[in-house]
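A quick write-up on the structure given underneath.
To find a chain, count down the sequence lines: A is the first, B the second, and so on, and within it residues start at 1.
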There are 2 protein chains.
Amino acid sequence: MMQTGSQDSVETGNADYIRMLNSGVVLSTIHSHEPISRAAIAKHTGLSRSTCSLIADDLLQRNLIREIGKDKSSGGRRGVLLTMNYDAGVTVGARLLADSVDCAVVSLRGDVLKHRSTAISYHADVDTYINVLCRAVSETIEEYHAVSPGMPVFGIGLGLSGLVDSASGESVASSILQWDHIPLASRAQEQLKLPVYIDNDVNTFALGELWFGHGRGVDSFLCVTVGEGIGLGVVINGAIYSGSHHGAGEFGHTRISDDPQAPRDALGIQGSVEAFSADPAVCAYLEQQIRQGASSLLEAQSGEISIDQAAEAARRGDALALEAFNRAGKYLGIGIANLISLFDPEMIILGGEGCAVRDLWQPAMEETVREQAAYGLHRRVRWKSVEFDDDLWVRGIASLVLKEVFEGRAQVRD
Amino acid sequence: MMQTGSQDSVETGNADYIRMLNSGVVLSTIHSHEPISRAAIAKHTGLSRSTCSLIADDLLQRNLIREIGKDKSSGGRRGVLLTMNYDAGVTVGARLLADSVDCAVVSLRGDVLKHRSTAISYHADVDTYINVLCRAVSETIEEYHAVSPGMPVFGIGLGLSGLVDSASGESVASSILQWDHIPLASRAQEQLKLPVYIDNDVNTFALGELWFGHGRGVDSFLCVTVGEGIGLGVVINGAIYSGSHHGAGEFGHTRISDDPQAPRDALGIQGSVEAFSADPAVCAYLEQQIRQGASSLLEAQSGEISIDQAAEAARRGDALALEAFNRAGKYLGIGIANLISLFDPEMIILGGEGCAVRDLWQPAMEETVREQAAYGLHRRVRWKSVEFDDDLWVRGIASLVLKEVFEGRAQVRD
DNA sequence: CTTACTTTGTTTGTCTATCGTACAAACTAA
DNA sequence: TTAGTTTGTACGATAGACAAACAAAGTAAG
């Protein structure tokens, strides 16, 4: 044999494949309907009772699920209830930020068991950053193991902003960390001696919602995050969509204004959603208005205004601050209405740091969406929002590992 | 049995499913690499030679493929070459427009064999429209059968603008035909006694490109059509994406301007791509500028200006007309740059009636995209465009039927 | 022309996963 | 106690994929 041939990357089926497929279906049915009996799984999935039994036995042997007591009777023999085996081990999620690493141990239930933040000097070089990152992860695991000794760790998830090639484990481009084609996953894996998975942080946020949050059982939805930037995680057919070059979901950099005076975002793009509605944009707008003589509680402020100060002023009734948040909401609404027109999602989930002040911008956002969405599609969208919580970020990132575990690729010891 | 149970719509696998899957893979390998031998198919797909042989025999028996002579020898026994059996039958595609029906017989190769347009009185009621439509289809088939008697017709595809539920065969909402929840497919099927499939016309355009055009073998791409409106067909993972409520791809109605003076589109949305860049928008802009006293070759024009007149003036060097097309291109560029940021497609295909004057707006469009796309993602997009041709629309619509045939759901007689 | 070597397509036997049916166990209600 | 349900398992049938063996058909060298 000279060469294996040019193997197109098409998915073909065989007995193994079909078992993997059905196994995954059974597992996710248990995950989303637990506790549930074998017979009920059969009804839900359309698989035969015998097949479900065989698969369940297999999952029990692999220690991925557990039997816990019996169901109520529905007229006959009581079913044996199955649940995920959430105590089989834990996962780790770490969020890579410009000046710190947020690291957490997360249970298979999605509970954050240990969470710590480690400072990193701004613009540290790549080697230093990776070293500090790995030490932070190791120490977090050690601290956790001091309390729960011997608990297996399935793997480490890393989340960062920018373009990330999750398949190859490479950070392709990151505006915050200034990284360019860094083989992050393999380098971290070398040091940590555990499987490492990486992805864009907004994608992982969406993944967390898909596994644990509002997105459970929802086929396609969008996660819009508001904060330092504006992010978008796209879930289509129950899977993250990241485009052909890992660049899908750059919602913050889409333009919604043709005004030559419009502000610019971090990438220098003018009139983008981020340039109007991200936290820094709100602050910059306020500073500019005050410089131009607008009256506000904040004008006493010397120099830069923080988003917290702006929110406080707005809550005290400051007209200028209220208008600044309104404006942000309005432009975010234009962008989100565009998303609805393009993706027609089943659900939109709002998240991110900016949700802490959601009450200040959401009304304006919703009004704009109502005015603008084509064919009234916005009325069919289910809206959800998550209270801001750092745990949600790391939980989502840890879900990267979870996906491997639950899809049967990770081996679970006793 | 009280009820069948709540059958989630998850895809489970069994022996039939896997054969269908592999059959489809083999067929599409033949389609994209024909003529090709059984052994070469095995190399391409990763399936074993014996499986490929069995599947090929099955396809031969079902008359979907043919053996045509032998391959050149590559050192040993010569392989038997297989191709699609393009002569097994034909399909029909009909495009439903406000005042006419475009109907064509299309070969399995994608060639348009017979094409005719039938006028329909503007705003005819639903019953009348469907009757005229069905008669137009029947007559087109008859005319074709007069030349090629006895050729089997696999089915009819119908394409129309607006929201279309292709699964249930319902036209949910159509701004052009003023239809609301019309069970179009079943009603046409009753009269025509042939399987009828329907979808949004831009989706079918994309489908045509996926099967026959630039999209062959491309995993995810976007089709942007410019004309009376601005449309978008989204292909993700080799399949049309139409959203949760059939509303995905309403690109024309996304907003790219916050100017309170911005024009409105057919749905009344202000500052949308369609309001700036569709053909009527270009004409309206010209008329407005002339009313305001701008000088132009077109000012002699009494009343309305057509897009053809505008194009002619531009080609003669008329500064105002040139600027009008430039402006349309610039705004389309903003919209397309947004699409790149959101979808990160492998390829973008430009089509539609407006492509007849593409030279007048494309440079401005491309320049805007270059300036604006985040992370330079636009450089990785492959650009294609199709010369405007009415045949492309009906070919795409007929592909709806083709999909059924090639995926093995339609039965092929001898 | 003969021989050695390749490649293709088919045949055969083995393996595995699903499914339907049958059946025992477990439970309810009359 | 009995009749009827529901659950979980066991067993045989079926179907698909695959590997290995094999015959057919070709090439190339001597």
Take atom [atom1] of [X] and atom [atom2] of [N], then tell me their distance rounded to the nearest Å.
X: A:Tyr17; N: D:dA17; atom1: OH; atom2: P; answer: 13 Å
X: B:Leu60; N: C:dG9; atom1: CG; atom2: P; answer: 12 Å
X: B:Asp57; N: D:dA17; atom1: CG; atom2: C1'; answer: 15 Å
X: A:Leu81; N: D:dT7; atom1: CG; atom2: C1'; answer: 12 Å
X: B:Ile36; N: C:dT8; atom1: CD1; atom2: P; answer: 11 Å
X: A:Ile41; N: D:dT7; atom1: CD1; atom2: P; answer: 12 Å
X: B:Leu21; N: D:dA17; atom1: CG; atom2: P; answer: 9 Å
X: B:Asp58; N: C:dG9; atom1: CG; atom2: P; answer: 17 Å

Name all residues meeting the side-chain hydrogen bond (donor to acceptor under 3.5 Å, both in side chains) criterion together with [X]; count only those two or more places apart in sequence or in a different chain, and write none if there are none.
X: A:Ser107; value: none
X: B:Glu170; value: B:His181
X: B:Ser48; value: B:Ser50, B:Thr51

| Nearest-nucleotide 5' precedence on DNA chain C, B:Ser37 against A:Asp16 |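 Whichever sits nearer the 5' end wins; that is B:Ser37.
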| said: With side-chain hydrogen bond (donor to acceptor under 3.5 Å, both in side chains) as the rule and sequence neighbours excluded, what pairs involving residues 203-215 of chain B come up? | reply: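 Matches after skipping sequence neighbours: B:Asp199-B:Asn203, B:Glu209-B:Arg395.
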| field | Pairs meeting criterion side-chain hydrogen bond (donor to acceptor under 3.5 Å, both in side chains) with involvement of residues 233-245 of chain A, two or more places apart | value |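 Listed once each, the pairs are A:Ser244-B:Ser220, A:His245-B:Asp344.
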| query | Looking across every strand, which nucleic acid part, if any, lies under 4.0 Å from A:Ser74 by heavy atom: base, sugar-phosphate, or nothing? | reply |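 Sugar-phosphate only.
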| query | In the 5'-to-3' direction, what one-character label does each nucleotide of nucleotides 18-27 of chain C receive under the scheme B = base within less than 4.0 Å of a protein heavy atom, S = sugar-phosphate only, - = no such atom? | reply | SBB---BBBB
| field | Donor-acceptor contact present, side-chain B:Asp111 to main-chain B:Leu113, <3.5 Å | value |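 No; judged by distance alone, with no hydrogens or angles, the pair does not exist.
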